[in-house]
Amino acid sequence: MKFSVATAAAAFVFALGGVAMPAAGLTEKSVSLISKNACSRDCMTTIVDQVLASMLLHNPEILPLAPTYYATENSHPTALGMMTLWRTVTSAGSPTLLAIDTINGSAYFSLDVTEGSETKKSVLWARIKVVDRQITQLELYVNRSRGDHGFSFSAVELPRNYERWMSPPADRQKATRAVLESLSAATFNPNDTLSVAVAEECQFTEEGWSVIDPGPDGDGSTTPLGCSWRHDRPADADARLNLVIDEQYGIVVTGAIIPGKIYPYGEISAFIPNDMKEAQAQQDKWLAKKQASGNMSLLAPTAATGETLQVLQFYNGKLQGQQVMLYLSGPDMQSAWS
Ligand SMILES: *[C@@H]1O[C@H](CO)[C@@H](O)[C@H](O)[C@H]1NC(C)=O
Ligand SMILES: *[C@@H]1O[C@H](CO)[C@@H](O)[C@H](O)[C@H]1NC(C)=O
Ligand SMILES: *[C@@H]1O[C@H](CO)[C@@H](O)[C@H](O)[C@H]1NC(C)=O
Ligand SMILES: CC(=O)N[C@H]1CO[C@H](CO)[C@@H](O)[C@@H]1O
């Protein structure tokens with residue numbers, strides 16, 4: 001369903017009904033098994049839709065916010081009413097990717113949105129936490145250009161690329177919560193010896209895009225990069241583990257802070273984590289050569305910090321999907337969330 005401002009109000013009324021009566025439709029037996037204030041998958045889905053509808057209405061006050069809530073937009077702590085998203089979003093569908101953790105009351109979602117009268121779309125990704133059916137945390141990010149995150153991106157390709165995530169084979173062998181937790185623990189810890197098999201069809205995206213690395217001189221690859229489980233993956237000893245564990249879809253979300261450098265990359269620029277020393281050394285070599293030829297204007301390599309939510313999908317004993325979602329700030333930044 002695609003929301004417009006006109007339908008948002010109606011959708012919200014509908015959604016509120018869902019939240020007010022989460023036990024409707026459940027059997028007597030299942031009601032007695034869950035706590036009074038548990039939020040089911042339907043309940044979490046409704047709250048996520050409400051967040052998007054409230055952006056369209058430019059009105060955060062209609063949300064079931066907890067008396068005290070935490071919120072960031074592109075890593076900046078701010079009250080919802082001060083965020084740009086509540087001013088700019090003019091169209092948003094239901095999330096293209098939605099992972100729900102009913103045990104921790106958390107959800108991760110991502111979709112393409114339109115802002116203002118822009119014809120170009122932006123990539124929105126977010127995590128929320130819900131306690132007693134009230135929102136206690138909102139961690140929101142929006143990509144408006146590669147300069148925001150230093151990586152490749154595509155709001156246009158995002159919906160198609162996420163279809164596979166949301167339609168896993170019915171006969172898949174689901175990973176247990178413990179397996180998904182071990183994946184989260186290893187994501188930003190290269191010391192962790194967990195061995196991870198990568199499915200051949202595993203889908204790798206950066207901010208919605210299947211990455212084709214053209215190379216700084218346009219002599220790179222023409223085929224999309226696949227998933228990988230690198231030994232030189234970025235480390236964060238304080239990574240935020242198990243933010244969302246969706247056992248139904250096999251999705252696990254992990255947060256981290258990644259120090260790195262913005263490098264010129266041909267005429268554009270790219271973020272390379274400091275832990276990927278080889279990639280940085282290669283880029284230094286390329287840069288020295290370009291500078292020696294003296295006929296190109298290039299950005300100076302500059303320290304930066306990426307705040308990332310890494311989204312992995314795992315079933316049939318293999319990694320099936322890997323997404324890098326990252327937002328850049330200046331050097332030595334820390335996360336408001338850790
Ligand atoms: C990995 O091990 C090294 C050496 O013991 C340690 O300094 C580093 O903090 C560890 N990294 C993580 C992410 O735990
Ligand atoms: C979510 O629940 C698991 C139990 O499976 C727990 O170990 C984990 O720390 C929780 N994550 C968060 C962010 O609270
Ligand atoms: C810059 O110099 C290199 C070699 O010195 C040359 O191959 C290239 O065509 C030049 N580029 C421009 C834009 O003049
Ligand atoms: C508003 C805006 O500039 N959004 C960018 C986010 O990513 C998309 C996908 O490629 C770009 O087209 C948009 O320009």
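Predicted model, so just to flag it, every value in this text is computed and none were measured. We use all heavy atoms of the structure for the numbers below, so side chains are in, but hydrogens, waters and symmetry mates are not. Counting starts at 1 for both ligands and their atoms, in listed order.
For Asp332, the CG atom is loosely surrounded, since the number of other residues' heavy atoms within 6.0 Å does not exceed 12.
Below 30°, between 30° and 60°, or above 60°: for Tyr141 and Trp125 the angle between ring planes is below 30°, a parallel geometry.
Looking only at protein heavy atoms, the nearest one to atom 13 (C) of ligand 1 is Asn189 OD1, 3.5 Å. From the protein, the heavy atom lying nearest to atom 9 (O) of ligand 2 is Asn242 ND2, 3.9 Å. For atom 1 (C) of ligand 2, the closest heavy atom belonging to the protein is Asn104 ND2, 1.6 Å. Glu181 OE2, 3.3 Å is the protein heavy atom nearest to atom 4 (C) of ligand 2.
Using a 3.5 Å distance cut-off with no hydrogens or angles, the side chains of Glu115 and Ser122 do pair a donor with an acceptor.
The side-chain heavy atoms of Arg87 and Met55, taken from C-beta on, include no pair separated by under 4.5 Å.
Atoms of ligand 2 lying under 4.0 Å from any heavy atom of Leu241, numbered from 1 in the order shown and given with element: 13 (C). Per-residue contacts place Asn191 under 4.0 angstrom from the following atoms of ligand 1 (heavy atoms of the residue considered): 1 (C), 2 (O), 3 (C), 8 (C), 10 (C), 11 (N), 12 (C), 14 (O).
Taking only nitrogen or oxygen atoms, main chain and side chain alike, Asp101 does not reach within less than 3.5 Å of ligand 2.
Checked for salt-bridge contact, Asp101 and Arg41 miss the test: no charged N lies under 4.0 Å from a carboxylate O.
Neither the backbone nor the side chain of Arg240 comes within contact range of ligand 2; no heavy atom lies under 4.0 Å.
Closest non-hydrogen pair, Pro190 versus Pro234, comes out as CD-O, 4.4 Å.
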